[in-house]
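When reading the values below, keep in mind they use all heavy atoms of this one structure, side chains included, and skip hydrogens, waters and symmetry mates. Remember, predicted model here, so these are calculated numbers, not experimental data.
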Amino acid sequence: MDTATEKSGEHQGLAGAAGPLTAVPTPAGEPRRAGTGTGLGPSTGPNAGDTIGGRAAVTTGLWGRTEQQDFRSRVRGALLASAIGDALGAPVAALDLDALHAAHGPAGLTDPAPGPTAGRSPVTAATQLTLFTVDGLIRAHVRRDTGAWHPPTDLHRAYLRWAATQHDWGPDERRVDNGWLAQEEWLYARRGPTRACMTGFADEVLGTLDQPKNPTARDAAATTRSAPFGLLVGWEPALVLQLSVECAAQSHGHPAAYLSAGALAVIVHGLTRGESLDSAVQRALGLLGVRPGHQPVTDALQRALAAVTAGAPSPKTIEALSSGDGDGDGDGDGRDAEDVLAIAVYCALVAENVAHGLRLAVNHGGDSASTAALCGALLGAQHGETALPAGWLAGLEGRATILELADDFALEMTQGPALHSPSSASPGWLARYPRG
């Protein structure tokens, strides 16, 4: 890693502002604690006004056992349901609706298709990247104790570890910063990563909002990896948005792409804190409204809300959500990030249960894997692990890894200081999540 990105002045934006959680998440009104800097990192260009003054909401009570269990259930639910949706939609992600019906009948795809390995339903690069997002967020919290804390850099390092899984045969034992996730053999496989992700993480240059990677990239790959930012329930929603858009711009520089990622994170954040989906969407709309280039994303979310009262859910209703994609070409094919987000939000809003929502999110002519992954993240964060369809969960590829990582995240967020503070650091924890 280029040490230039670790200058002390570039790591002060959130230092002390949003540490490991020490309280029960509540929707609003918590006291703020002043930070030591001016944002998430240096910003002098047109987006400079978007940074937050190093502040985050931190509640003052202690986590009780019930609250810890609820939080862990929502973390597990968001990550597992996202992976289930990804695996469910992957086989039909490239098909239009006619081809989908020709392959699976008038009802479309209704159950996960078993993969070639032990009947498991394989996930795509979207789930791989989501796991490395979680890994990066844990590392960011662990690194707070070093005094060199810049979360976008920690996430970038995590994505570079993901990039290694796309070209290496297996874990490189010489990499001292791998931690445990990058040692998982099953992750060393290409599962349809987008060009923007491969080029965005092809070198150690950190893309920023002022100088983003791939400024025309508008697909949903940055959005599908961004649900974990919403699990930072002790952060203010504005900071969740800021961190997620900065990390999305590391591979996807189009405003519609990185603002869709930010919107998803804010919505997941509200759901994890116990808000309704409608309220969480409204909060996202309010935060997006001051961002340059927000209109395609806010329009897409408004279409999703309006469609709820437009009649019974159907593939036609879902495909109509992408008819106003805002890029001027009129294609409306359901593959731009804001269209994928709108479809996912709509399917979650009208879902009778998790399985119903995921089936809706899959059976249309757009990017079925991405829409179902986002819909799963929303429903999983809203309802928790116990609401997931057990049969689909049993056949999910990487389920044990996802559960282990989800539990580590919940532990770090609720008990972080006891795990890695200078006075009580756990060697085992720091081996799993190295500070370097």
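Under a 3.5 Å cut-off, the side chain of E319 and the backbone N or O of G365 do form a donor-acceptor pair. A distance-only check finds a donor-acceptor pair linking the side chain of Q128 to the backbone of L187 [under 3.5 Å]. The closest donor-acceptor contact from the side chain of R435 to the backbone of H420 lies under 3.5 Å. The main-chain N or O of T66 is never found under 3.5 Å from a side-chain atom of D70 such that the two would form a donor-acceptor pair. No donor-acceptor distance shorter than 3.5 angstrom exists from the side chain of K213 to the backbone of S251, with no hydrogens or angles considered. Although no hydrogens or angles enter the test, the distance criterion places no donor-acceptor pair under 3.5 Å between the side chain of S82 and the main chain of L79. Judged by distance alone, with hydrogens and angles left aside, the side-chain atoms of S279 form no donor-acceptor pair with the main-chain N or O of E275 at under 3.5 Å. Not one N or O on the side chain of H294 forms a donor-acceptor pair closer than 3.5 Å with the backbone of P255. A side-chain donor-acceptor contact under 3.5 Å links S244 to the backbone of V240. Judged by distance alone, with hydrogens and angles left aside, the side-chain atoms of T133 form a donor-acceptor pair with the main-chain N or O of R225 at under 3.5 Å.
Taking the side chain as every heavy atom from C-beta outward, R218 and E338 approach each other to under 4.5 Å. At least one side-chain heavy atom of L349 sits under 4.5 Å from a side-chain heavy atom of L305. The side-chain heavy atoms of L378 and Q382, taken from C-beta on, include no pair separated by under 4.5 Å.
Nearest heavy atom pair, residue A342 against residue A300, reads CB-O, 3.3 Å. When all heavy atoms of V123 and A83 are compared, the closest pair comes out as CG1-O, 3.9 Å. The heavy-atom pair separating P193 from A125 by the smallest distance is CA-CB, 3.7 Å.
In this structure, W162 and F201 have perpendicular ring planes: the angle between them is above 60°, well past the 30° mark. Between H141 and W149, the angle of the ring planes goes over 60°, which puts this pair in the perpendicular group of the 30/60° scheme.
For E184 and T401, the side-chain atoms include at least one donor-acceptor pair closer than 3.5 Å. At a cut-off of 3.5 Å, with distance as the only test, no side-chain donor of T127 or T130 sits close to an acceptor on the other residue. Checked by atom type, the side-chain pair T371/S368 shows no donor-acceptor distance below 3.5 Å.
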* Evaluate the side chain to side chain donor-acceptor pair (under 3.5 Å) criterion for residues W392 and S121: first the C-alpha distance (whole Å), next the side-chain angles of each, then the deciding distance (0.1 Å), finally the verdict. => CA-CA 8 Å; W392 295 4; S121 301; over 6 Å; no

* Worked check of salt bridge (Lys or Arg N to Asp or Glu O under 4.0 Å) between E385 and R74 -> CA-CA 6 Å; E385 175 191 19; R74 292 176 189 269; over 6 Å; no

* To do: Might you work through the salt bridge (Lys or Arg N to Asp or Glu O under 4.0 Å) test for D219 and R335, ending with a clear yes or no?
  => CA-CA 6 Å; D219 64 78; R335 298 183 183 276; over 6 Å; no

* T223 vs S226, side chain to side chain donor-acceptor pair (under 3.5 Å): CA-CA, chis, key distance, verdict -> CA-CA 5 Å; T223 307; S226 296; 5.9 Å; no

* Derivation and outcome, side chain to side chain contact (heavy atoms under 4.5 Å, CB included), residues L264 and F229 -> CA-CA 9 Å; L264 174 77; F229 296 110; over 6 Å; no

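Between D339 and R303, at least one side-chain N (NZ, or NE/NH1/NH2) sits under 4.0 Å from a carboxylate O, which counts as a salt bridge. Comment: E67 does not engage R72 in a salt bridge, judged by the lack of any side-chain N to carboxylate O separation of less than 4.0 angstrom. Between R432 and E404 there is a salt bridge, since a side-chain N of the basic residue sits under 4.0 Å from a carboxylate O of the acidic one.
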